[in-house]
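Only a predicted model underlies this, so the values are computations on that prediction, with no experimental measurement involved. Every chain is numbered from 1, with letters handed out A, B, ... down the list of sequences.
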Amino acid sequence: MDSYTISVLSNIGLFSFLAISAWILLIAGEISFGQQAYFALGAYGAGIATAVWQWPFALGLGFGIVLGAGIGALVAWPAMRLTGVHFAIATLAFAEFLRSGLNIFRYRREVGGYLTGPDGANGFRDIRWAYEAGVEPLGYLILIGGCLLSVIALVACLARGRGMALLRIVGEDPILAAMQGISVARVRIGAAALAGGVAGFGGGLYAHMATYVEPAQFGVMPGVHALAYGLIGGLGTVFGPILGVLVDIGALESLRVFSGYRMIVFGGLVALVLIVRPRGLLDEAALRRGLAWLRR
Amino acid sequence: MAAALEISGLTRRFGGVTALAGVDLSLLPGEVLGLIGPNGSGKTSLFNVLSGHYAPDAGAVRLDGRDIAGWAPRRIARAGVTRSFQNLRLLKRLSLYENLRAATHSAASGRELFWQSRAAKRRERSQLMDLLALFGLEDKADDAPGALTLVEMRQLEIARLLAARPRLVLLDEPAAGMTPAETARISRIIAEHVLPGRSVIVIEHKMPLITALCRRIAVLQAGVKIADGPARAVLDDPLVRQSYFGSRPC
Ligand SMILES: Nc1ncnc2c1ncn2[C@@H]1O[C@H](COP(=O)(O)OP(=O)(O)OP(=O)(O)O)[C@@H](O)[C@H]1O
Ligand SMILES: [Mg+2]
């Protein structure tokens, strides 16, 4: 595989984490423009853990996940009272708040004679685990793919158990959910923690691939795109958001025909899909038909 | 016998409107009460307060001795109170099967969020499919409720209510929008499957359903209970006839 293909596929994989994160909240009936915040938390958290604290890579990634999930739950607690547009604005506000926070966040320590760690707006250099361990780009792509599979497996478990059903019930009618004895607050906080953890996972992987992260990378655009991926790909299955990423990054960004027109084509595509299939290409009806077919 | 439900002085205002003005009502275990009254008399508001959707401004609601007034809907549901809705409240994006299953989640363990064993899933499926089969809906288990007729939707709501295994059932106009034949059918279904072993309050404007199911009737008017007693006596009460049926005794 040539390095261009590897880098496109790696981007698709990493963006899938962010897209699945936003998709989980969409299922729970909440629109978030701010999942990049948890991606950033994962990137910084995992980066600090391996580069500054010299933790093993897996522990560092785990720290990024826990950080994303924990802060996700913490933010969800007050934000839960908000719905619709108000919730969406709150997520955006938190993401921008975090980004400005990272702009002044300095945490540099001497490691092996060099100063390492986040340096405010100058970013965070030398997150070198993959480089020092001699992991080639192809190897890292396989690692990203494996991690993505583990997230898909987790969602599959939730779908097999009661988790996804709870998210969908609360997402469609929280009042009815409460009258069925379901704790809407707990489901929403759980969804936010799960979404934050998934984004944090992707962020940690991203930081170790890029070796350099800076606050400016976690602006509004990736958050808006992540949300759009679930919306066009569909809310029926976890493959919806991944399909969305494939369409945007796999086709529009990477094929030369669209160069320069990507945003226009993508915007038009989102509008078109939302008119024709309001719940995305692989929507709940598609899921129901699929399940009925499997049972036959 | 101790009452299953004892409501006293229940009051709820919406701005200038007093939907419930100090309502007293009690229900014995296994008793079926018909609740009637003109439009806007506070019947649905009573259910909304009983199910925790709205907190009362004053008064007490004792369920098996505990005062549940002002409890959150989730807690009241877990205490064994389940209701149906005047305007139907179904999950349109989920299958019929998942609509029923919605009533079973709160009783499950946290571990089941992530995993249900094959045996547990099979047991759950056979129970819920039996319930769907009671209403002849088993062939549509994987469809969305949007494809159902009105009667089937009401049946699905009743099936969901049964899936929650409630002790107190609140039915809000289960025959709304139905023809006389459909009303007779839903009334038979309620008599057969909902009433046995449960305390039930039924709101309905269709008198055939009320008289078929309830030996006792209470009447609300402008948030006040104006009659409560044996069905025949209440329906013959001149005050009730005047307020509800608009016919003056002559
Ligand atoms: N959420 C609310 N906000 C404001 N007013 C309300 C609300 N709910 C009920 N009301 C008012 O309370 C009064 C009682 O309404 P309720 O729905 O309980 O009547 P009802 O007896 O169920 O009538 P119907 O037979 O038409 O269903 C009405 O005047 C209604 O407008
Ligand atoms: Mg009503």
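The choice from B:Asp142, B:Leu161, B:Asp143 that makes the most heavy-atom pairs within less than 4.5 Å of chain A is B:Asp142. Your options are A:Ile175, A:Leu166, A:Leu154, and the one with the most heavy-atom pairs under 4.5 Å with chain B is A:Ile175. No other option in A:Cys157, A:Ala165, A:Gly181 has as many heavy-atom pairs under 4.5 Å with chain B as A:Gly181. Ranked by heavy-atom pairs under 4.5 Å with chain B, the first of A:Val184, A:Ile182, A:Leu291, A:Leu287 is A:Ile182. Put simply, of A:Met179, A:Arg168, A:Arg160, the one with the most heavy-atom pairs under 4.5 Å next to chain B is A:Arg160. No other option in B:Arg93, B:His105, B:Arg78, B:Gln116 has as many heavy-atom pairs under 4.5 Å with chain A as B:Arg93. If you tally non-hydrogen atom pairs under 4.5 Å between each of B:Arg75, B:Lys92, B:Arg160 and chain A, the highest count goes to B:Arg160. With chain B as partner, the option from A:Ala177, A:Ala178, A:Gly163 having the largest number of non-hydrogen pairs under 4.5 angstrom is A:Ala178.
Heavy atoms closer than 4.5 Å to chain B are found in both the backbone and the side chain of A:Leu176. The contact between B:Lys121 and chain A is made entirely by side chain atoms (from C-beta outward), counting heavy-atom distances below 4.5 Å. Both the backbone and the side chain of B:Ser95 come within contact range of chain A, with heavy atoms under 4.5 Å apart. For B:Ser117, the part lying under 4.5 angstrom from a heavy atom of chain A is the backbone only. Using a 4.5 Å cut-off between heavy atoms, B:Ile76 makes no contact with chain A at all. Within the 4.5 angstrom heavy-atom criterion, no atom of B:Asn99 approaches chain A. Interface remark: A:Leu235 contributes no atoms to any contact with chain B (heavy atom separation under 4.5 Å). Contacts of A:Arg295 with chain B are made by side-chain atoms alone, with heavy-atom separations under 4.5 Å and no backbone atom involved. Using a 4.5 Å cut-off between heavy atoms, B:Arg111 makes no contact with chain A at all. Contact annotation for B:Tyr97: neither backbone nor side-chain heavy atoms come within less than 4.5 Å of a heavy atom of chain A.
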Q | Full working for side chain to side chain contact (heavy atoms under 4.5 Å, CB included) between A:Ile242 and A:Val245 | A | CA-CA 5 Å; A:Ile242 298 175; A:Val245 177; 5.5 Å; no
Q) Are B:Glu112 and B:Ser109 close enough, and set up right, to give a side-chain hydrogen bond (donor to acceptor under 3.5 Å, both in side chains), and what steps lead you there? A) CA-CA 6 Å; B:Glu112 287 198 338; B:Ser109 71; 4.8 Å; no
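Scanning all heavy atoms of the two residues, the minimum distance from A:Arg279 to A:Asp283 falls at O-CB, 3.4 Å. Heavy-atom minimum distance, A:Gly45 versus A:Phe63: O-CD2, 3.3 Å.
Taking the six-membered ring for Trp, A:Phe39 and A:Phe17 have ring centres at least 6.0 Å apart. Between A:Tyr229 and A:Trp23, the ring centre distance reaches or exceeds 6.0 Å. Checked against the 6.0 Å centroid criterion, the rings of A:Phe15 and A:Tyr206 do not qualify as a close aromatic pair.
Of the options B:Val169, B:Leu168, B:Asn48, a side-chain contact (heavy atoms from CB on, under 4.5 Å) to B:Arg83 is made by B:Asn48 and by none of the others.
Figure legend: B:Arg12 and B:Phe14 shown as a cation-pi pair, the cationic atom lying under 6.0 angstrom from the six-membered ring centre and within 45 degrees of its axis.
Below 30°, between 30° and 60°, or above 60°: for A:Phe266 and A:His225 the angle between ring planes is below 30°, a parallel geometry.
Using a distance-only test at 3.5 Å, with no hydrogens or angles considered, a donor-acceptor pair links the side chain of B:Glu31 to the main chain of B:Leu28.
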